[in-house]
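Note on naming: letters A, B, ... go to the chains in the order of the sequence lines (proteins, then strands), and numbering restarts at 1 for each one. FYI, side chains are in, hydrogens and waters are out, and symmetry mates aren't considered; it's all heavy atoms of this structure. Computed from a predicted model, the values in this text were never measured in an experiment.
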There are 2 protein chains.
Amino acid sequence: MERFMEVCLFLLLRDGPMHGYGLAEQLIPFGFAPEDLNVSTLYRTLRKMEHEGFVISDWQEGEQGPRKRVYKITTEGEENLEEWIQVLQYRKARIEKVLAVYKEPSKKSFSKVIDEVAT
Amino acid sequence: MERFMEVCLFLLLRDGPMHGYGLAEQLIPFGFAPEDLNVSTLYRTLRKMEHEGFVISDWQEGEQGPRKRVYKITTEGEENLEEWIQVLQYRKARIEKVLAVYKEPSKKSFSKVIDEVAT
DNA sequence: TACTACTATGTGCATGTTGAATATAGTAGT
DNA sequence: ACTACTATATTCAACATGCACATAGTAGTA
């Protein structure tokens, strides 16, 4: 699932600014339960997204606890999300193709089956 | 699409033995048109699959042209394919989750929209 | 004969993505 | 003091993939 988390982060940030730790919670319904979430990947991905101009961040201090880096999606980020959606639709189609062929009866020829039984 | 070609190869070999170059042609309907197929990855993957015991190979000579290494799926390989199908079903579900949320109307709160308009 | 195209299999190196472990630091409760 | 929770980030290693290149047989053709 190459860069799947990235798409989920774009999707979550589309609904409003959020900091990394908060995004971690919101990622759960996308298959990133705490035991399946690598927080290193999460923070690293957010930094990369900002470096590419798809999000911008600001430090939010004053609240209790450590300071939060709050990310906000940019126009370029929103465009990038739409490209990612196309990619996901293509991936889905390819997976469905495999699942469909898997469920088909085997196309193994009769002669090949005979060969197999003979061994 | 982490190791997607591997699953396609299992699926094709389920229908009978085949050599790498022949598998390349059969991969086309799975999104591996010649310009999208990396033959290095193809041959490398087949060698790895044999090393793991999921396929076995024999050299087929006598025909015209260079000799062919013909791969045949093993019982372990067939079992591995079934595990891969489970993985693909899970991947498909996660992708569908993202696509569904994407199509939902934005959950951005009214107050956040006001903030945005104010800037 | 030399050249080109197609068939056929592989290796070496570089890049990109991810996971595990670790570091740092603030706050709250016992 | 200690523990737990919140919060962000780096380093190193492993894994997957792409690109370039090497090798070799056969067939057609100029």
Checklist entry - Which listed nucleotide (D:dC19, C:dT9, D:dA7) is nearest to the side chain of A:Tyr43? => result D:dA7

Item to check | Phosphate OP1/OP2 of D:dG18 contacted by B:Thr41 side-chain N/O (<4.0 Å) | outcome: yes

Next on the checklist: Quick test of your reading: applying salt bridge (charged side-chain N to carboxylate O under 4.0 Å, His left out), list the pairs with at least one residue in residues 12-28 of chain B, sequence neighbours left out, ordered by first then second residue.
Outcome noted: none

Checklist entry - Just how far, in rounded Å, is P of C:dG26 from NE2 of A:His19? => result 17 Å

Sort me out a list of protein N/O and nucleotides 11-13 of chain D N/O pairs below 3.5 Å, or just none if empty.
none

Checklist entry - Can you check whether A:Ile28 reaches A:Pro34 side chain to side chain, under 4.5 Å on heavy atoms? => result yes

Checklist entry - How is A:Met5 classified with respect to the nucleic acid when contacts are heavy atoms under 4.0 Å: base, sugar-phosphate, or nothing? => result nothing

Checklist entry - Where each residue is assigned the nucleotide of DNA chain D containing its nearest heavy atom, which of B:Thr45 and A:Lys68 is assigned the position nearer the 5′ end? => result A:Lys68

Checklist entry - Residues two or more places apart in sequence or in another chain: which of them pass ring-ring contact (aromatic ring centres under 6.0 Å, His included) with A:Tyr71? => result none

Item to check | Within residues 87-97 of chain A or reaching into it, pairs that qualify as side-chain hydrogen bond (donor to acceptor under 3.5 Å, both in side chains) - sequence neighbours excluded | outcome: none

Item to check | Gap between atoms CD and C1', on A:Glu6 and C:dT17 respectively (whole Å) | outcome: 10 Å

Next on the checklist: Please pick, from D:dA16, C:dG10, D:dT26, the nucleotide with the shortest atom-to-atom distance to any side-chain atom of B:Arg3.
Outcome noted: D:dA16

Item to check | Per A:Pro66 side chain, nearest of listed nucleotides C:dG26, D:dT17, C:dG10 | outcome: C:dG26

Checklist entry - Taking both distances under 3.5 Å as the test for a Watson-Crick or G-U pair, what stems of at least three pairs does DNA chain C have? => result C:1-30 with D:1-30

Checklist entry - What distance separates A:Gln26 CD from A:Met18 CE, expressed to the nearest 0.5 Å? => result 4.5 Å

Checklist entry - Got a second to check how far B:Leu23's CG is from B:Leu11's CG, nearest 0.5 Å? => result 11.0 Å

Next on the checklist: Distance check needed: C:dT9 P versus B:Arg67 CZ, whole Å only.
Outcome noted: 10 Å

Checklist entry - Looking only at heavy atoms, what is the nearest atom pair of B:Leu88 and A:Ile95, with distance? => result O-CG2, 3.6 Å

Checklist entry - Can you tell which of D:dT17, D:dA7, C:dG10 lies closest to the side chain of B:Arg69? => result C:dG10

Next on the checklist: Per the salt bridge (charged side-chain N to carboxylate O under 4.0 Å, His left out) rule, what does the pair list look like for residues 42-57 of chain B, sequence neighbours excluded?
Outcome noted: B:Glu6-B:Lys48, B:Arg47-B:Glu50, B:Glu50-B:Arg69

Item to check | Interatomic distance, A:Leu37 CG vs D:dT8 P [rounded to whole Å] | outcome: 13 Å

Checklist entry - Can you check the B:Glu35 CD to D:dC19 P distance for me, whole Å? => result 12 Å

Item to check | Reported CD-to-CG distance for the pair B:Glu76 and B:Leu81, which is rounded to 0.5 angstrom | outcome: 13.5 Å

Checklist entry - Once you round it to whole Å, what is the distance between P of D:dT10 and CG of A:Leu46? => result 12 Å

Checklist entry - In whole angstroms, how far is the P atom of C:dG19 from the CG atom of A:Leu42? => result 11 Å

Item to check | Identified side-chain contact (heavy atoms from CB on, under 4.5 Å) counterpart of A:Leu12 within the set A:Ile73, A:Val7, A:Leu27 | outcome: A:Leu27

Checklist entry - What is the nucleic acid contact for A:Phe32, judged by heavy atoms within less than 4.0 Å: base, sugar-phosphate only, or nothing? => result nothing

Checklist entry - If you check the A:Asn38 side chain, which of C:dG19, C:dT17, C:dT9 turns out closest? => result C:dG19

Checklist outcome for this item: A:Trp59 atom CH2 is separated from C:dG26 atom P, nearest whole Å, by 12 Å

